[in-house]
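One structure is given here, and the rest of the page talks about it.
Given the structure is predicted, the values throughout are model-derived calculations rather than measurements. What you see below is based on every heavy atom in this structure, not just the backbone, and it leaves out hydrogens, waters and symmetry mates. Start at 1 with the first residue, then count along the sequence.
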Amino acid sequence: MKVNDGNRKQNNHSTADRFKLGAAITVLVLIMVAVILFSKKTDRETALNTFRNDLPAGCSQAFLISANGKKILLTDAVMGKIVEEAATSDSSFITVSTPNGGTWRLLLPDSTEVWLNAGSTLTYPVSFAGQKERRIQLSGEAYFEVFKDKSHPFTVISRGQLLEVQGTHFNISAYQEDRQVKTTLLEGSVTIAPLGYVGGHENLPMQNLAVTMKPGQQCVNDGGNLKVAIVDASYAVAWKEGHFLFYNESIESIMEKLARWYDVQVVYEDSLLKQETRNVNISRSVNISKVLNIIADTGNIRFKVEGKTVFVSRNQIR
């Protein structure tokens, strides 16, 4: 019996020792894994987060462009005064322009609401009274909620096309530097016709090439060639709701939109990166570093911010 007790104690000690050894090895492995992961994370962040300075998001700001080209910084109070003065002066049009890094919401004389995105310009009459149509001109991007008036169609001229509606909600992206003009319909119906030579006259709507859109469709105007497709309209108007929302969008297109919102220049150290695509969903209210880090986390790309220039290159760290 004593011998058996000794064996039992010896076995108990051996089991305890093995348990302690196993626990020690487990802790050691966990520590090593944590060190490795932290090291990799630190290396990656060092590679990606090269920001000599950070840049804040854009804000609500716009300018009134006078007939002589003078810029007047707008506020709601200033805007109201300008409209009143314009109505009693010889000026028949008002031009509102947002700089890069600015947006602006305004109410047209017919109660149509317009949201201007960064780097955009809208020209419209002081009054639509006595006119057969409510015609305005857009350069850049804007979202419209048009006041319904069947007797007076609402028309928008924007980079080689004319859009006509009675009352509806839609978004037009018509930046001069973009290859295509994109019109996205959220509510109602619109007709779009490319502008060209008609009857020997320039810049008239070519009605034989016109298309009519339904909600949830997007018209892409590529040099007068109109193509309509079903899309998720939320991507086109995400900017108005305060978000960057990109799906399978090229790095070049994404960086163009960031450049307008953060008022920066973009330099590619590897031009092949322009055609690569990414998915991004982040608030437009954050600093540029957070947006760039989100994109960098998708892999194979890094950013460097110096002053108001963003350098884009391929990530060489493995």
(message) My understanding is that only residues two or more places apart in sequence, or in another chain, count here; which of them pass ring pair (Phe, Tyr, Trp, His ring centres under 6.0 Å) with Y262?
(response) none
(request) Mind running side chain to side chain contact (heavy atoms under 4.5 Å, CB included) on V220 and V181 for me, showing each step along the way? (result) CA-CA 6 Å; V220 176; V181 177; over 6 Å; no
(message) Could you check whether any side-chain heavy atom of N221 comes within less than 4.5 Å of a side-chain heavy atom of Q180, counting everything from C-beta outward?
(response) no
(message) Side chains of Q217 and T183 only: does a donor on one sit below 3.5 Å from an acceptor on the other?
(response) no
(request) Can you measure from CD1 (I157) to CG (L195) and round to the nearest 0.5 angstrom? (result) 6.5 Å
(message) Just to verify, what does W239 make a ring pair (Phe, Tyr, Trp, His ring centres under 6.0 Å) with, not counting sequence neighbours?
(response) none
(request) Please round to the nearest 0.5 Å and tell me the distance separating atom CG of L273 and atom OG of S313. (result) 7.5 Å
(message) So V114 and L138, do their side chains get closer than 4.5 Å, heavy atoms only?
(response) no
(message) Within this structure, what is the NZ-CD distance for the pair K150 and Q166, rounded to the nearest 0.5 Å?
(response) 8.0 Å
(request) Quick one: pull up CZ in F303 and CD1 in I295 and give me the separation to the nearest 0.5 Å. (result) 4.5 Å
(request) Check whether the side chains of T123 and T95 place a donor and an acceptor atom closer than 3.5 Å, and report yes or no. (result) yes
(message) Less than 4.5 Å apart, side chain to side chain, heavy atoms only: is that true for T98 and F63?
(response) no
List, one per line, each side-chain donor-acceptor pair under 3.5 Å for residues 53-61, sequence neighbours excluded.
unit_1 : atom_1 : unit_2 : atom_2 : d
N53    : OD1    : G307   : N      : 2.8
N53    : ND2    : G307   : O      : 2.9
D54    : OD1    : S289   : N      : 3.2
D54    : OD1    : S289   : OG     : 3.4
D54    : OD2    : N287   : ND2    : 3.3
D54    : OD2    : S289   : OG     : 2.7
Q61    : NE2    : G101   : O      : 3.3

(request) On the 0 to 90° scale, with breaks at 30° and 60°, tag the Y235-Y247 ring pair as parallel, tilted or perpendicular. (result) tilted
(request) Let me see the working for I301 and N315 under side chain to side chain contact (heavy atoms under 4.5 Å, CB included), right down to the final yes or no. (result) CA-CA 5 Å; I301 190 170; N315 186 14; 5.7 Å; no
(message) More than 12 heavy atoms of other residues, nucleotides or ligands under 6.0 Å from CZ of F147: yes or no?
(response) no
(request) Would you list the pairs meeting salt bridge (charged side-chain N to carboxylate O under 4.0 Å, His left out) in which at least one residue belongs to residues 256-265, sequence neighbours left out? (result) E177-R260, D178-R260, E249-K257, D263-K308
(message) Tell me which one of L108, D149, V190 satisfies side-chain contact (heavy atoms from CB on, under 4.5 Å) with F154.
(response) L108
(message) Looking at E141, is its backbone amide N or carbonyl O close enough to the side chain of S120 to form a donor-acceptor pair, meaning the two atoms are under 3.5 Å apart?
(response) yes
(message) Can a side-chain donor-acceptor contact be found between Q218 and T184 if the only test is distance below 3.5 angstrom?
(response) yes
(message) Side-chain heavy atoms nearer than 4.5 Å, only ILVMFWY residues, links allowed to pass through others: does that put I230 and L185 together?
(response) no
(message) Closer than 3.5 angstrom, by distance alone: can the side chain of R314 be matched with the main-chain N or O of D270 as a donor-acceptor pair?
(response) no
(message) Between N279 (side chain only) and N248 (backbone N and O only), is there a donor and an acceptor less than 3.5 Å apart?
(response) yes
(message) If we check side-chain contact (heavy atoms from CB on, under 4.5 Å) with L258, which of these qualifies: V310, V266, L292?
(response) L292
(message) Tell me every residue that passes ring pair (Phe, Tyr, Trp, His ring centres under 6.0 Å) with Y143, counting only those two or more places apart in sequence or in another chain.
(response) W115
(request) Spell out, as yes or no, whether a donor-acceptor pair under 3.5 Å connects the side chain of R159 to the backbone of Y175. (result) yes
(request) State, with a plain yes or no, whether a side-chain heavy atom of V286 is found less than 4.5 Å away from one of V291. (result) yes
(request) Quick one: pull up NZ in K182 and CG in D222 and give me the separation to the nearest 0.5 Å. (result) 10.0 Å
(message) Can you pull out every salt bridge (charged side-chain N to carboxylate O under 4.0 Å, His left out) where at least one residue sits in residues 278-294? Sequence neighbours excluded, please.
(response) E276-R278
(message) Could you measure the distance from the CG atom of L116 to the OG1 atom of T121? Nearest 0.5 Å is fine.
(response) 8.0 Å
(message) For a 4.5 angstrom cut-off between non-hydrogen side-chain atoms, does Y268 reach I251?
(response) yes
(request) Please check if atom NZ in K240 has more than 12 non-hydrogen atoms from other residues, nucleotides or ligands closer than 6.0 Å. (result) yes
(request) For residues S189 and V165, determine if any side-chain heavy atom of one lies less than 4.5 Å from a side-chain heavy atom of the other. (result) no
(request) With the side chain counted from C-beta on, respond yes when N281 and F246 share a heavy-atom pair under 4.5 Å apart, and no when they do not. (result) no
(message) Could you check whether any side-chain heavy atom of Q137 comes within less than 4.5 Å of a side-chain heavy atom of R135, counting everything from C-beta outward?
(response) no
